[in-house]
Amino acid sequence: MDVSIVVPVYNECRNLSALYDRLRRMMETQRVSYEMIFVDDGSGDGSLEILKSFSATDPHVTVIEFMRNFGQHAAVMAGLERSTGEVVVTLDADLQNPPEEIPKLLQKMEEGYDTVGGHRQRREDFFLRKMASFFLNKWSASLFGLELKDYGCMLRAYRRTVVDQIVKCQETSTYIPALANSFAKRVTEIPVEHAARAEGTSHYSLLKLLRLNFDLMTGFSLLPIQLVGLAGVIVALFGLLFGAFLFVRRLMVGPEVEGVFTLFAIMFVFIGLQLLALGIVGEYVGRIYREVRRRPRSVVRKIYSQEKQ
Ligand code: UDP
Ligand code: MG
């Protein structure tokens with residue numbers, strides 16, 4: 001197998017036919033053997049039936065049915081586990097990543113890269129999200145020491161060696177593009193088109209996005225917690241200086257009660273910082289707890305493909 005295409009699907013019934021047609025048409029122009037793996041992440045809108053109809057007529061298609069919704073990255077992971085292609089391409093099911101861009105990725109892979117990421121040109125998303133992504137990408141780039149413009153784009157190609165390492169990772173919450181980079185030596189990015197979601201709305205609420213980004217930050221770096229430590233040191237030093245200042249003032253000016261409320265304000269800042277610190281520590285502890293339970297990342301109910309029947 002030359003190329004595997006892995007698509008996570010969660011309630012995308014209105015996009016699937018167009019997606020499948022465009023994928024198939026695009027792959028037919030490539031002179032490679034290929035498979036498409038759709039992972040149904042517990043959809044409740046009939047997506048699974050549509051996917052099953054693809055696999056019933058097309059030997060290239062495999063459908064993995066999850067027991068329930070386990071999340072996008074768990075779905076991609078399950079697809080990677082089952083993939084056999086020398087190169088594996090992931091993309092979203094909502095046609096935000098045009099399938100026609102895949103040949104560009106494959107071409108770049110032929111130059112010998114381990115992973116090729118898409119960098120979304122003219123990204124069609126809500127502007128606040130784009131702004132948040134901009135800063136997160138900058139931060140991720142400095143965290144991972146790898147200057148990529150778009151960590152969030154799921155249209156990416158990975159070499160077999162990288163995929164093999166990714167699927168060996170046992171962690172429950174993960175962020176696949178970042179995980180891939182930790183196993184890849186030659187990494188690059190190419191500009192890809194980005195479309196507005198064809199049908200339906202994003203499955204990511206603000207909270208879910210926040211969680212995902214925490215996966216990215218805490219899963220790949222201790223920097224957040226180290227920053228908290230550093231902030232603690234700075235605040236403590238500041239407090240000491242302030243104490244010294246008050247002491248000197250007491251000697252020079254005598255006792256005073258004005259400024260009590262200023263002190264309150266300062267106290268609130270410190271209390272806020274403490275809560276933030278506790279929160280970040282809690283985030284790590286919670287994640288450690290989740291990992292040590294070693295529950296499966298996802299559970300497959302059934303796999304549909306012609307070869308297995
Ligand atoms: N997805 C999934 N499980 C989920 C949420 C999303 O498999 O719990 C899939 C979804 O079907 C789509 C991709 O992940 O193929 C990206 O999701 P979405 O378009 O909602 O996210 P956005 O583009 O807003 O980041
Ligand atoms: Mg989308």
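In listed order, ligands and their atoms are each counted from 1. Heads up: numbering here begins at 1 and tracks the sequence.
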- Query: Of all the atoms in ligand 1, which lie at a distance below 4.0 Å from a heavy atom belonging to R129?
  - Reply: 22 (P), 24 (O), 25 (O)

- Go through the steps to decide whether R294 and E171 satisfy the test salt bridge (charged side-chain N to carboxylate O under 4.0 Å, His left out), and finish with yes or no. CA-CA 8 Å; R294 295 219 149 246; E171 62 239 56; over 6 Å; no

- Message: Give me the residue, atom name and distance of the protein heavy atom closest to atom 17 (O) of ligand 1.
- Response: Y204 CE1, 4.0 Å

- Task: Consider every N or O of D94 and every N or O of ligand 1, then say whether any pair is closer than 3.5 Å.
- Result: yes

- Message: No waters, cut-off 2.8 Å: how many protein N, O or S atoms are close to the Mg ion (ligand 2)?
- Response: 2

- Task: Just need the protein heavy atom nearest to atom 1 (N) of ligand 1, so name the residue and atom and give the distance.
- Result: Y10 CB, 3.7 Å

- D215/R211 salt bridge by N-O under 4.0 Å criterion: no

- Query: Is there at least one pair of N or O atoms, one from A75 and one from ligand 1, spaced under 3.5 Å apart?
  - Reply: no

- Message: Is there a polar contact between ligand 1 and T201, counting only N or O atoms under 3.5 Å apart?
- Response: no

- Task: Going by heavy-atom distance to atom 20 (O) of ligand 1, choose the closest among Q96, E12, K208, H203.
- Result: H203

- Note on the structure: Closest to atom 3 (N) of ligand 1 among protein heavy atoms sits D41 OD2, 2.6 Å

- Residue and atom name of the nearest protein heavy atom (relative to atom 24 (O) of ligand 1), distance in Å to one decimal: S202 OG, 2.6 Å

- Message: Under the side-chain hydrogen bond (donor to acceptor under 3.5 Å, both in side chains) test against E193, which residue among Q121, R122, K104 passes?
- Response: R122

- Can we say E65 and R301 salt-bridge, meaning some charged N sits less than 4.0 Å from an Asp/Glu carboxylate O? yes

- Among L222, L136, I225, find the one that has a side-chain contact (heavy atoms from CB on, under 4.5 Å) with M217. L136

- Item | V39 side chain near M77 side chain, heavy-atom distance below 4.5 Å | no

- Which atoms of ligand 1 are found less than 4.0 Å from any heavy atom of R197? 18 (P), 19 (O), 20 (O)

- Message: What protein heavy atom lies closest to atom 9 (C) of ligand 1? Include the residue and the distance to one decimal.
- Response: P8 O, 3.8 Å

- Item | Atoms of ligand 1, numbered as shown, that sit under 4.0 Å from any heavy atom of Q72 | 1 (N), 2 (C), 3 (N), 4 (C), 7 (O), 8 (O), 13 (C), 14 (O), 16 (C)

- Salt bridge K185-D114, side-chain N to carboxylate O under 4.0 Å: no

- Task: Would you indicate whether the side-chain heavy atoms of V87 and D2 approach each other to under 4.5 Å?
- Result: no

- Item | Proximity of N69 to ligand 1 by residue part, where a heavy atom lies under 4.0 Å | side chain

- Query: By number and element, which atoms of ligand 1 are closer than 4.0 Å to a non-hydrogen atom of G71?
  - Reply: 3 (N), 8 (O)

- Message: Need the ligand 1 atom indices (1-based, order shown) with element for anything under 4.0 Å from a heavy-atom of A93.
- Response: 12 (C), 15 (O)

- Message: Let me check something: do V163 and M1 share a hydrophobic cluster, defined by ILVMFWY side-chain heavy atoms less than 4.5 Å apart, either directly or through other members?
- Response: no

- Atoms of ligand 1, numbered as shown, that sit under 4.0 Å from any heavy atom of D92: 13 (C), 15 (O), 16 (C)

- Which word best sums up how the rings of F268 and F264 line up, parallel for under 30°, tilted for 30 to 60°, or perpendicular for over 60°? tilted

- Take the angle between the ring planes of H60 and Y34 and call it parallel below 30°, perpendicular above 60°, tilted in between. parallel

- Query: Going by heavy atoms in the side chains, are V7 and I37 under 4.5 Å from each other?
  - Reply: no

- Give the intermediate values and the outcome of salt bridge (charged side-chain N to carboxylate O under 4.0 Å, His left out) for residues K108 and E111. CA-CA 5 Å; K108 202 76 193 167; E111 290 173 25; 3.5 Å; yes

- Message: Closer than 4.0 angstrom, basic N to acidic O: yes or no for R287 and E283?
- Response: yes

